[in-house]
Colleague: 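Before I ask anything, let me first share the structure, which is written out below as structure tokens.
Side chains are part of it too, since the values below use all heavy atoms of this structure and drop only hydrogens, waters and symmetry mates. A, B, ... follow the sequence lines: proteins, then strands. Residue 1 opens every chain. The model shown is predicted, which means the values in this text are computed figures rather than measured ones.
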Amino acid sequence: MTAENILVCVAWPYANGDLHVGHVAGAYLPADIFARYQRLKGNRVVMVSGSDAHGTPIVVRADKEGKTPREVFEYFHSRFLETQQLLGISYDLFTHTDTENHHAIGQQMFRRLLANEYLFKATQKQLYSETQGKFLPDRLVEGTCPICGYDKARGDQCDNCGNLLDGTQLINPRSRNNPDDKLTVRESEHYFFDLPALREPVLAYLADKDGYWRPTVLEFSRRYAEEMEARAFTRDLTWGIPIPVQGAEGKCIYVWYEALLGYLSATVEWAKITGQPDAWKEFWYQPDNVRIYNFIGKDNILFHTVLWQAVLIGMQRLGEPWDGLDDSPQNRGPKFNLPYDVPANQYLNLGGQKFSKSLGVSLDAIDLAQKYGADPLRFYLSLIMPETKDSDWSWTDFAQRNNSELLAKWGNLIQRTLSQIWRNFEGRIPQPGELTGADQAIIARAEAAFNSVGEKLNAVRLRDALNEVLELATATNQYLDFEAPWKAIKTDRARAGTQLYVAARVIDSLTVLFAPFTPGLSEKARAQLGYTDPLFGEQYIETLQERGRSHDVLRYDASRAKGEWKPSRLTPGQPLGGEPKGLVSKIEVN
RNA sequence: GGUGACGUAGCUCAGUCGGUAGAGCAGGGGACUCAUAAGCCCUUGGUCACAGGUUCAAGUCCUGUCGUCACCA
């Protein structure tokens, strides 16, 4: 079997607030579970993401705090690095959108779409502050809602009736930050993305996704693609990627499009820093043996199933070289690989309410990971992962699932087995005698799990996959209870040794089966079984230098990783890694 | 407002092409004791949001109502 190239693209967190567990359950954790599985399977995995540094909300926050936008985003970017390292989200590269690499590719995207005539100029009416001498983003304007009459409606949306607005619709508009500003309506010239011109290829792309895309994602995307109209591609804003057109000062690429482009630019950056500058093409240009996945939340679906495809298709139409990125003759007019699957998750709520910092409804991932450790958090979030519909975080459920399943079912299985081996067999894996039917059955079941669990993981049915692994742990507990080696040891030491060997061998397989979900726990269990090689590589934060600036990134070093998605071949006589100790702690919540 | 979804046991969720509901956890009972009083066996819970309709038969299809969510200038 030849290894596949798997590109795992993860939603880019917006750098104006800490990550909460909803973000983790929605995108980062599923992506990591999937990536870890594919690595164990022996595929060539690259997992990329980064902080989304640009856009209005960061500018707003910076103004409010008297900082520069860069200072604001760099603070949260470094928090993201720390949080995700702690959680074990194993990015090959987690970078950000304020790099020179990303800016250069962003401008190339613009030029290429312009040259291909998918961008056209049109004017848009927008509120202009005569006092400040600049256009005001809709969200920075408030006034009376033309629909419900609420007098504090924002320019982009009315909080009272929920309707989306345009700033120019507001009655008596005023600046939210400077109420004394004199506002007028001015026309601003912008570039629009000609989505109708790309409708056919996008629909063709969506046409063969039945059967493996989540139905809600597919249906929603098709509807939108059928009726989509041209959308603004640029914004009046200085914090972003300036559009490479003369006389267009103060205009940037709409942050959404350049954030999407991050999947490509981050792969390019990854290739560069790993000393194989062309390697990104093996994921983006070679159509065979590649699967690109985009892990996102449901609020991002259209961007990742329609608009991003439109950008990629729009860029690939011309045969001319794409600036410095690719000008080799055989790649003239390269076609980009489009995402193979976009397994969008629904939302994780908190007590039925959605996460909202401003309403005090939030659980910061970094706090929970520090307090309880990554594995209990990853385990619970995997169990309640909102794959099919919104789900709910519950503190009592979190504690109960940890205590009764992760600890009592799985952790205790390791402990009860290894402590008997430690005490009765000099701390070495016993030599098995002849295997009974029951022995063979449980071993066969563990071996079969690698196929069935693997299929579920490969199809991104992660909750299902974890439940099946838990069933195997239950079956192993049943095996032990039925065989009762603690009785056999008194009358037939050899038989007890066989029973414990069988249990330990299944546990050895279980450490691999659980590994994508709770990698830290699996590493510890593996060490207790006496292995000295880790299953996975190591994450590290590194500072990279470009010509003008440096930036911090999260990376993954797989050089020591020895894990394989294969059944255990546990060696009799292998010494355990010391006296077994409980690996999972109880969680008490009141 | 428009578009697309969701509403199943105390909790988290499954329910494929329609045939009078399932799992795990929690709760109750039991036998054991290797284990972080964990594990194992047995077991109580549901007018499948509500109201109509189609059908021999609907959680499963259709309509409406209520509630929740996402997206859309």
Colleague: Quick one: is A:Lys409 getting a side-chain N or O under 4.0 Å of the B:C25 phosphate, OP1 or OP2?
Modeller: yes

Colleague: For B:G7, give its Watson-Crick or G-U wobble partner with both distances under 3.5 Å, or none.
Modeller: B:C66

Colleague: Between the base of B:G24 and the side chain of A:Asn467, is there a donor-acceptor distance below 3.5 Å?
Modeller: no

Colleague: Using both distances under 3.5 Å as the test, list the Watson-Crick or G-U wobble partner of B:G59, or none.
Modeller: none

Colleague: Going by heavy atoms closer than 4.0 Å, what residues in residues 220-235 of chain A are next to RNA chain B?
Modeller: A:Phe220, A:Arg223, A:Arg231

Colleague: Across all strands, who's sitting opposite B:C72 as a Watson-Crick or G-U wobble pair, both distances under 3.5 Å?
Modeller: B:G1

Colleague: Only pairs with both distances under 3.5 Å count, Watson-Crick or wobble alike; so what is the partner of B:U54 in this structure?
Modeller: none

Colleague: Scan every strand shown for a Watson-Crick or G-U wobble partner of B:U36, both distances under 3.5 Å, and answer none if you come up empty.
Modeller: none

Colleague: Across all strands shown, which nucleotide pairs with B:C17 by Watson-Crick or G-U wobble geometry, both distances under 3.5 Å?
Modeller: none

Colleague: Nearest whole Å is fine: how far is B:C34 C1' from A:Lys490 NZ?
Modeller: 10 Å

Colleague: At under 4.0 Å between heavy atoms, what does A:Leu407 touch on the DNA or RNA strands: base, sugar-phosphate, or nothing?
Modeller: base

Colleague: Are A:Tyr118 and A:Phe233 an aromatic pair by the rule of ring centers under 6.0 Å?
Modeller: no

Colleague: Check the pair A:Arg223 / A:Glu227 against salt bridge (Lys or Arg N to Asp or Glu O under 4.0 Å), numbers first and verdict last.
Modeller: CA-CA 7 Å; A:Arg223 291 280 174 174; A:Glu227 293 167 14; 5.5 Å; no

Colleague: Is any side-chain N or O of A:Gln400 closer than 4.0 Å to OP1 or OP2 of B:A26?
Modeller: no

Colleague: Which nucleotide, if any, forms a Watson-Crick or G-U wobble pair with B:A23, using both distances under 3.5 Å?
Modeller: B:U12

Colleague: When both hydrogen-bonding distances must be under 3.5 Å and the geometry is Watson-Crick or G-U wobble, what is B:G46 paired with, if anything?
Modeller: none

